[in-house]
Amino acid sequence: MLLRMSSLFLRTLRDDPADAEVPSHKLLVRAGYVRRVAPGIYSWLPLGKIVLENVARVVREEMNRMGGQEVLFPALLPREYYEATGRWTEYGDNIFRLKDRKGGDYLLGPTHEELFTDMVKSEYSSYKDFPVTLYQIQTKYRDEARPRAGILRGREFVMKDSYSFDLDDDGLKRSYEQHREAYIKIFDRLGLRYKIVFATSGAMGGSASEEFLAPTPTGEDTFVNCHTCGYAANAEAVTTPAPAARAIEGLPAQQVLDTPGTPTIETLVDFLNTNNGLGITAADTLKNVVFKVTYPGSDKAELLVVGVPGDREVDAKRLEAALAPGEAAIFEEFHKQPGLVKGYIGPQVLKDLGIRYLVDPRVVTGTAWVTGANEAGKHAVNVVAGRDFHPDGTIEAAEVRAGDTCPRCGSELSLDRGIEIGHIFQLGRKYADAASLDALGPDGKPVRITMGSYGVGVSRSVAVIAEQWHDELGLVWPREVAPADVHIVGTGKDNQIEVALQLATELEARGLRVLVDDRPSVSPGVKFKDAELLGLPTILVIGRGLAQGVAELRDRVTGEKQEIPIAEAVERIAALV
Ligand code: ATP
Ligand code: MG
């Protein structure tokens with residue numbers, strides 16, 4: 001491959017685009033790799049398309065190596081498939097829906113479990129056919145609430161999705177492990193730094209699940225990390241170690257106090273410390289938040305009170321994951337629920353009201369709390385779990401903080417931000433059940449198939465690589481994904497450009513991918529700036545040294561520069577690749 005800057009369809013920009021906040025977005029636009037069409041919808045220019053294809057190639061090679069077989073499904077899909085699994089409704093506003101000329105409902109596929117399941121069902125029927133893993137690299141559509149950061153969170157994006165089909169749980173575990181290993185190879189080859197973290201399987205209803213998160217300060221996912229034992233989990237999946245239950249005997253009796261004008265934790269703590277000399281902190285209070293929980297596609301709705309230590313908020317994402325597929329909304333219609341007094345809710349009455357009450361795992365039997373007394377302007381102290389109230393269970397919904405206790409080893413957890421680049425999970429039989437996907441076993445009896453589902457953000461990876469690999473001058477591509485191996489810059493009034501082109505041709509003949517700056521009337525300064533911005537790993541400058549037979553070899557990663565004889569340039573560069 002030989003690309004000539006004199007004819008390459010490329011315009012670099014001097015300034016950052018006005019709508020860009022994160023480095024990858026700024027640089028990919030400035031370097032002419034992508035262009036915005038609409039929010040979350042981008043076009044790929046020639047250099048960007050090459051990088052995207054390089055990422056896809058690495059993914060494809062590793063998927064094939066692990067025994068996956070590539071297929072391709074349409075993006076435009078009829079409603080029926082998603083109706084059968086309930087996801088036509090479950091997806092809500094997140095999918096693009098459209099109608100054909102006859103009024104039939106269609107959607108643009110956000111993910112393809114249904115289609116894969118159906119295809120396997122129609123082609124395979126015997127236990128001898130299994131296991132099988134199929135994958136595709138395809139464009140997905142999701143009407144994301146907040147498309148962001150260029151191609152990082154698009155509404156149209158390229159994903160590799162694969163699905164494993166096994167006869168039993170052990171088979172599924174094997175398929176899952178194979179994917180895990182393949183993903184490690186993929187992300188290593190892409191030059192990405194990442195962390196494998198425990199995840200919840202959420203609405204998909206599976207068991208084991210892990211995410212590959214690329215740590216970056218601009219990431220939208222929060223995850224915890226234990227530097228002592230290596231435990232890592234996304235915020236939704238972190239478990240809170242419960243302290244041991246304590247003896248109830250001998251604890252002072254519950255006492256109701258007048259606390260006028262204290263509907264918030266802050267005002268309450270302040271009041272009790274000033275007026276009652278208690279010396280408490282927010283962590284000694286029990287905050288009770290009321291939610292209305294609904295279930296997609298069902299009329300069922302219930303009230304749920306969640307109790308968390310008062311120094312913590314209920315984290316909406318953790319709550320959502322804990323209740324999935326149920327959806328929780330803050331309850332505001334207090335006039336419709338006598339017994340619940342806004343700002344003064346305590347758990348003592350919830351059993352009598354028939355309202356479900358779930359608490360943070362720290363609220364164990366024998367712990368005493370300051371909480372609402374279910375009367376305006378009154379709170380109760382010494383309210384003991386297991387004596388004065390009896391929760392219906394625990395829920396992981398309180399916010400997670402740096403310094404929280406590691407559930408595995410007890411050390412302090414740190415909190416980091418990352419971007420999800422891959423996700424593997426054991427789906428189990430949800431889709432196989434919906435489609436009655438069975439294989440006929442050796443004894444003639446049907447065996448229900450168990451599935452795994454695995455995704456890689458192909459277009460997102462391009463942005464994440466850029467996010468992790470850049471400096472103040474521009475992009476710095478790892479060789480495996482770089483749009484070319486070497487960027488040859490010819491600059492000067494003698495025959496520098498001719499020599500540059502000649503070297504480019506020789507390198508191309510050796511199988512290298514070469515970009516040569518052969519623009520006749522562009523200043524050396526502009527050419528150097530472009531070379532740094534475009535970010536190819538090796539830069540060779542044919543300039544003033546030509547008369548002495550020397551060129552300058554630059555390493556874009558280290559910034560190191562050295563003079564080398566032009567006669568050796570081809571050998572030297574070929575050896576680098
Ligand atoms: P996120 O939490 O970032 O929205 P997700 O949990 O919805 O991701 P999956 O449905 O598991 O993601 O999709 C598989 C992979 O596809 C993700 O790991 C991610 O790399 C990529 N991906 C998901 N949504 C987008 C998007 N809007 N734009 C680009 N890539 C995406
Ligand atoms: Mg998503």
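Both counts, for ligands and for their atoms, begin at 1 and track the order of listing.
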Pick, from K317, E220, R153, K140, the option with the minimum heavy-atom distance to atom 1 (P) of ligand 1.
R153

Proximity winner for atom 12 (O) of ligand 1, if only heavy atoms of R146, E420, H423, M159 are counted
E420

With a 4.0 Å heavy-atom cut-off (strictly under), which part of R142 contacts ligand 1: side chain, backbone, both or neither?
side chain

May I ask you to check if ligand 1 and [X] share an N or O to N or O distance below 3.5 Å?
X	value
D221	no
G154	yes
S459	no
G457	yes

Kindly say whether the aromatic ring centers of F212 and F187 come within a distance under 6.0 Å.
yes

Is it true that F425 and Y454 have ring centroids separated by less than 6.0 Å?
no

Determine whether any heavy atom of L152 lies closer than 4.0 Å to an atom of ligand 1.
yes

Would you say I421 contacts ligand 1, with heavy atoms under 4.0 Å as the rule?
yes

With atoms numbered from 1 as shown, which atoms in ligand 1 lie under 4.0 angstrom from a non-hydrogen atom of E144?
24 (N), 26 (C), 27 (N)

Within 4.0 Å of some non-hydrogen atom of G422, the atoms of ligand 1 are 18 (O)

Matching residue for L107 among W88, F96, Y81 - test: side chain to side chain contact (heavy atoms under 4.5 Å, CB included)
W88

Candidates V456, V462, V464 - the one meeting side chain to side chain contact (heavy atoms under 4.5 Å, CB included) with V55
V462

Any donor-acceptor pair under 3.5 Å from K287 side chain to R312 backbone
yes

Within the distance-only criterion (no hydrogens, no angle test), does the side chain of D118 pair as donor or acceptor with the backbone N or O of E114 below 3.5 angstrom?
no

Between K292 and F331, is NZ or CZ placed under 6.0 angstrom from the six-membered ring centre and within 45° of the ring axis?
no

Residues passing the side-chain hydrogen bond (donor to acceptor under 3.5 Å, both in side chains) test with D188, sequence neighbours excluded, are Y194

